[in-house]
Every structure is written in structure tokens, then in C-alpha cells.
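To keep things clear, I will list the structure first and then write my remarks on it.
Every number for a ligand or one of its atoms is a count from 1 in the order of the listing. Bear in mind that the values here come from a model prediction, so they are computed numbers and not experimental data.
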Amino acid sequence: MSLHLPFGSLRAKDGPRTEELRRARLAAGAPVQVPVNRMPDEVTSAICGYCSTGCSLDVHVRDGRAVNVVPTAGYPVNDGTACPKGWEAMAPMRHRDRAARPMVRSGRSLQPTEWGRAFEAFCTGVRRVQAEHGPDSVAFLSTGQIVTEEMALLGALAKFGLGMVHGDGNTRQCMATSVVAHKECFGFDAPPYTYADLEESDVVVLVGSNLAVAHPILFERLLRNPHSPEIIVADPRVTDTSMVATQHLALRPKSDQALLYGIARALIARGAIDRAFVDAHTTGFDGFAAHVEPWDPERVFAETDIDPERLEAAVDAIAGGERVSFWWTMGVNQGHDAVRTAQAIIALALMTGNIGRPGTGANSITGQCNAMGSRLYSNTTALFAGRDTTDPAQRAEVADILGIDPGVVPDRPSLAYDQILDGIEDGTIRGLWIIATNPAHSWIGHGRLHRLLDELDLLVVQDLYADTETASRADIFLPAAGWGEKEGTFINSERRVGRVRRAQAPPGQARTDFEIFKGIAEEWGCGPMFRRWRSPAAAFDLLAELSRGRPCDITGIGGHEGLDHDFPEGVQWPLPEGAAKPERERRLFVDGRFFTPDGRARFVWSQPTEPPEQIDADHPLVLMTGRGTTAQWHTQTRTARSSLLASLAPERPHIEVSPKDADARGLSSGDRAAVRSVRGSIDATVVVTPTVQPGHVFLPMHWPEVNVLTAPGFDPYSRQPAYKHSAVELTKA
Ligand SMILES: Nc1nc2c(c(=O)[nH]1)N[C@H]1C(S)=C(S)[C@@H](COP(=O)(O)OP(=O)(O)OC[C@H]3O[C@@H](n4cnc5c(=O)[nH]c(N)nc54)[C@H](O)[C@@H]3O)O[C@H]1N2
Ligand SMILES: Nc1nc2c(c(=O)[nH]1)N[C@H]1C(S)=C(S)[C@@H](COP(=O)(O)OP(=O)(O)OC[C@H]3O[C@@H](n4cnc5c(=O)[nH]c(N)nc54)[C@H](O)[C@@H]3O)O[C@H]1N2
Ligand code: SF4
Ligand SMILES: [Mo]
């Protein structure tokens, strides 16, 4: 059955809503005859496969091929709008560089083969390494960018089927800090907000978040806030986001914890505390208050460069706000003291009673399209739905729901990403399976990683393209279907579960990650263990069952069918079975009850520490890295393959330098400079700009050489890499 609609009626602004389209499609009998060059045969919708905003996109299909993408009108997240990556979502999928055949290494090159041979090579390879070096010697690294159903099947297959214990993902590079901060403070990894909070606040505090570039549609929602909000941006740089701020706190890199403690102290000093909320719903406030007492305005100035007047102005705004929301992203999470910094933000929200009400919250914004799915269901470091691997009862429960022997569920937690790499270094990890991530570009200080990848006995890479920095090093390459070519769900930053749908077939022999995992299971001989995982829809039903009674309970969604028919606008977790039809936008902790055993949120604090790599005479500049433009996505494997997106982005790496530092080095805009850290040197084009302060430089992360420079430092609690503080020097090339 197909629906024929003229393109004219699918304009983003006033086109029919997804559900209406779907209803019309169901109702449509005989196809309407219209000129073929103007009409899609079918319109399907899918949540965008780039950032965690989770916009819905309508994909127009003609003759089995996706021909056009239009943002879904009426969808609660984006209502007919999208950033350039969303509009261009199909171009990288259609590109001639897409990998279409499995490949196995023969000497220096990867040679095309058939799936049967590739699965055989995979299983023999993994078995051989495990036989020689023990079952723990093969690990996997996965992603926040495949559908939840695939992530979960990967975790189950690797751990319960193939006997692996260690597996982590690129979510470690990104959200590990928020996970730990939330668990300790709220009792579960539970970002409490809904996007409407951006529009309902009268004070919005953004810490280390460049929303305008990284989450453009959320930025637009902030701009639509009708309350003329005070917008406070804490970022060492002037960014597209700080330009709309009413207060820009251009703090010294990695001094956030001191700033936040200073704000807390000042709020306490003037009695701007919600004592009733603190007494009824939290523990640890008095200890926290005593801890922050030394951060008087002079000390804050000395440690952060934010003078007492600016501090006072920020405190005034927060104290005077009725509905204050606090948001943070990688400026916080990618730090050597990241968890405690995030917890200082949470403390500000708790002590002022700014949580659980419209326009409030301590709100960590996620990064990748399905980072939230990976946090709940990737089964990398914890068990499904946030369960504890070391708890026998929770292991038994998982085994029971999946119909497997509890003995196969690992009773030890996995090593974290950097510890897996240490394992390669010390010879305990000898095989690695990398799915939907490109660490040879994105990992911190990656010179060492390149060497370690070359030392492995077995490297398997599963990607859309065989020429990524990581895939080109593989012994076995498995070609995957991508966005728009598979079924499943993503969970966005505000906990909204939304559908991803297949609009076209993948190229050549490429298969969905789900099919690849099933194929490996069959070849390995553990296929029967995964019979319940018949399809992505069946997998979703298992995941719902695994969530029953947990804070992220989604048993009330009714599976993929429920999402297709009852919740075309997606649905935020939790939604337990039998719950009333939920509101369009929901937040957590409305009743002041948290997920800790006593129902109270926790204040958690510590003494700030120094970044591990300090500037010195040879390397006097602090290097910050991050997102460059809305048109570039991470390692650019996808975005660089859209000519439109490429035209919106710089052609080569550029480094932003302050006029003072440029003068001192005889550099002008357009010059080529060598940027060097103790780990190596790269070549970049100089952009002289007052948006960075003297003593700082900024390099977008989108170029493969950037992580030659970055200093491997990690938060001790989350083991998240600290991508935003390395010491470098610049010289004219
Ligand atoms: N266009 C585009 N959008 C993306 C992505 C992409 O690659 N391209 N990636 C997605 C992903 S996975 C993620 S995680 C998010 C990241 O989203 P963001 O975290 O918003 O992006 P970043 O540019 O990494 O970092 C944000 C800001 O932190 C600032 N910063 C650096 N050091 C400090 C510090 O010490 N303190 C403070 N307060 N700020 C500091 C930087 O100057 C930068 O402006 O973006 C998502 N969206
Ligand atoms: N210097 C510096 N480095 C950073 C950061 C920084 O701020 N500064 N940020 C870090 C952060 S927050 C993140 S999240 C990471 C991101 O780092 P990566 O995850 O390494 O970057 P991506 O380019 O998103 O890689 C995703 C890969 O998956 C492939 N892929 C896409 N869809 C599919 C699919 O459906 N199936 C399969 N099998 N493959 C697929 C893509 O082609 C691509 O090769 O980078 C980190 N690195
Ligand atoms: S804002 Fe994010 S989710 Fe929305 S279209 Fe852009 S990349 Fe996709
Ligand atoms: Mo990220």
C-alpha cells in the first residue's frame, strides 16, 4: 500500500503530521496517478541519526529509494525544522564510497569476500585468540549511534554468547561523567528534564555547552523562550551560543568547579536557598555548605578569572529566578575533575529547589543520537536497564527474561575504554571488535592507540565505510547498513524513545548490524540463545521486559507497534504498563522523590584538582578542542560525503588564536602554523580571533590529526577522557 502526495504538501512548516501521514497511508487504497518526478511513493519517518536532539525526519521514498528528507511537522522536538545535517541525512547513505562487501585481510590489503567466509573468519579468529590468551582477551568497542535493539543484541551476543567480559563504547568519550554524576546524586542515570524547560525558564545557565553548533534545534527552542530569560553561558571562548547570552562567564579552562562552588557559597551567604526542599528531599547539604565556604569572591577570581562583580551578577540572576535551569555538555564532561564538576551543577539546582518544576533542572545534554539508548541498554559496563553486573539477583533476573543460563552472564564489571587499551599494551587484550565508532581518529592522544591497534592479533571493524582511519587497519571488515536502512529506536536527551525506520535497502551486500550479530551467533553456534531476538521489534519487547519495575520502565509503550500507532510523537521514559496516556512533555522528580534508597538526592563534592597537563615555557598555550560547525559530525565519515555539508565547513584544520598570541608569534589569519604538544605536531591554518582569550587556542575535533595533540587525562570516577585541556605551542610553518 502506498500514499502519493505532491511535494508541495510536504513543506516542513505546514505539511501533514507524521501520524496523519501514516493514517492516510493506511487508508489509501488505489495509488493516485500523478507525474512520477514530483511524487514520493511513500513517506516514512525516522529520528535523525546525528545528534541527541532527536529531531524527526520524513523520508520520501520513490521506487524503493529515499529521494528526499523533510523535517517532520508537528513533532514535539523539532516541529518541521532541522539543521543542515538533518536535511542532508540521505546523501552520505547514497554515496558511492559506501562499503558493499565484507572483506578479509590478505597481506597489505582487504579483499572482498562473501558473508559466510567473513563470519567464519570472525569466529575462527575470535576463538583462536581466546584459546591462546583466555576468554577475556577479546573485547569490543561500540557506540551511541546504532539503534537500541542492536546495541542490546551486541552486548548480549558478545558477553553471553561469545564469552567476552570487556566491552565499552564511545559513550565513554562523551557521557560517562553524566552517568556517574546522576547515579550518585539521583540514584539512577536519569536526566530529569524535558526540552520545554528551555522555553519555560526565566534563567538558563549553560555550562560548557555550545548549543548553537552542537544542538542547533535546541538552541532555536531556547531562542523561542517567551520570558526574556537571563542566559548565562560559562565557556572560556566566545561562541555562537555565548553571543546570545546576557552574561558570558569567560572562565579559565577547567576552573568550573571553583566557579560553581563560589556561586553556591554566595547563594548560601545571602540565604537564597530553598530550605524546605533541601530538608525534605536531599541529604548532605550541610557538609556541602561547609565545603564551599572557602570559595569567597577573591578566591574565585584567583582561580577562575571571573571577577567579584561578574560573579555577583550571576548569583543575582540565579537567586532572583523563579524557574532556573542548569544545562551542561562537554565543557564539563570532558575534564579531569568532570564528575565532581557536574555534581556541583546538580548541587546548585538542588539547593535552590530548581528541579522537578517547569523551566528548572540539572540537565545534562547528551551527544549522539542514541547515547541515551547506549547508557541504558548497551550492556557494556552495566547490565540492561542500569543493572549491576556484580549482583547475583540482578544477573538471574536478566537471564530469566532472556531465557538463558545465568551462568553465562559475567559477574565482573567490564574494563573501561582506556583500561581496555592498557590491556592491549600489557598483552592481556589481543583481539578487538569495533562497531560504529572511529577511535583511530577520535580517541584522545591517539598516537598510542594507532600503535596498539597494529599490535593486535585480530581487529574487526563494522562500519558504513571501509576507508575510515580505523577500518583501514582492520583484519576483517563487516559492511553495515546505516540510518534510513534499518528498523529500531533511538532515545534522545530528554528520554524520548522514538522510531527509526527503513526507507531504502543498504548498498550491495551490506547488512544491518542486527543481521550481522545474528549471523555471527549462528556461525558461532550460539544461535538458539538468541531465538527470542527474532527481529528489532521482538528485541524491543525484551528490552521493555528488562525495564519492568526499573526507573526507566517502558513496558507501557506497547513495543514498536505502540510507537507506530499510539505514540507517533515518541514517548519519554518512564511509561510503565497501565500508566495513563502521558503528557507531550514530562519531567522527572515532580514529587521530589529520587531513585536513591531513601528517596533523597545527594550532595556530592570534593577538593578540585589541577589538570594533569600544565602549560610550561615550551608549551605555553592551553588547547581546547570541540565541535566546529553544524555541518560537521565528529570524524566526518558521513558529513564529508555530502557535497552540500562539505561546502558549509572549512576544508582543512584551522586553529583559533587570540590577536595577542598571534602578534607575539608573527602570525596572521591564513598563515600555516605547526601546532605541537609533547606527543607530536600537526599543521593548521591560523584564524586570528578575539573569541579565544590570550593563552588559549581552539581546534575543532573534526580532523584526523587533532588527537595527535590531546593529553590523555581521565576523570577518576567516570574514566571519561579530558579532551579540553592540553598544552601546546604554535610556530609559523
Ligand atoms: N555539529 C555537530 N553537532 C554535534 C556533534 C558534532 O560532532 N557536530 N557531536 C555531538 C556530540 S557526540 C556531543 S558530545 C555534543 C557536544 O556538544 P558540546 O559540548 O556543546 O560541544 P563542544 O564543542 O565539544 O564543547 C562545548 C564547549 O565547551 C567549551 N569548553 C572547553 N573547555 C571548557 C571548560 O573548561 N569549561 C567550560 N565551561 N567550557 C569549556 C568549548 O569552548 C566549547 O564551546 O555535540 C553533539 N552535536
Ligand atoms: N579532540 C576531541 N576528540 C573528541 C571529542 C572532542 O571534543 N575533542 N569528542 C569525543 C566525543 S564526545 C565523541 S561522542 C567521539 C565520537 O567519535 P567517533 O564515534 O569515533 O566518531 P564518529 O565519526 O561519529 O564515528 C562513528 C562511526 O560509525 C559509523 N556508522 C554510522 N552509522 C553506523 C551504523 O548504523 N552501523 C555501523 N556499524 N557503523 C555506523 C560511521 O561511519 C563512523 O565511522 O569523539 C570524541 N573525540
Ligand atoms: S539538530 Fe541534531 S537531531 Fe536535529 S536535525 Fe540537526 S543533527 Fe539531526
Ligand atoms: Mo559525544
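Remark: ligand 1 and Thr625 share no N or O pair separated by less than 3.5 Å (distance only, no angle test). An N or O contact shorter than 3.5 Å links Gln462 to ligand 2 by distance. Backbone and side-chain nitrogen or oxygen atoms of Ala631 are examined, and none is located within less than 3.5 angstrom of a nitrogen or oxygen of ligand 1. Checking only distances, Tyr465 never comes within under 3.5 Å of ligand 2, N or O to N or O. Every N/O-N/O distance between Thr710 and ligand 2 stays at or above 3.5 Å. Considering backbone and side-chain atoms alike, Gln636 places every N or O at 3.5 Å or more from each N or O of ligand 2. Distances between N or O atoms of Val213 and those of ligand 1 include at least one value under 3.5 Å. For the pair Trp483 and ligand 2, the shortest N or O to N or O distance does not fall below 3.5 Å.
At least one heavy atom of His702 sits less than 4.0 Å from an atom of ligand 1.
Close placement of the Phe122 and Trp433 rings is indicated, their centers lying within 6.0 Å of each other.
At a cut-off of 2.8 Å, measuring from atom 8 (Fe) of ligand 3, the protein N, O or S atoms that fall short of it are Cys48 SG, waters left aside.
Geometric assessment of Arg719 against the ring of Tyr417 yields a negative cation-pi assignment under the 6.0 Å and 45° thresholds.
For atom 17 (O) of ligand 1, the nearest protein heavy atom (residue, atom name, distance) is Ala214 CB, 3.2 Å.
For ligand 1, the atoms sitting less than 4.0 Å from at least one non-hydrogen atom of Gln632 are 1 (N), 2 (C), 6 (C), 7 (O), 8 (N), numbered in the order shown with element in parentheses.
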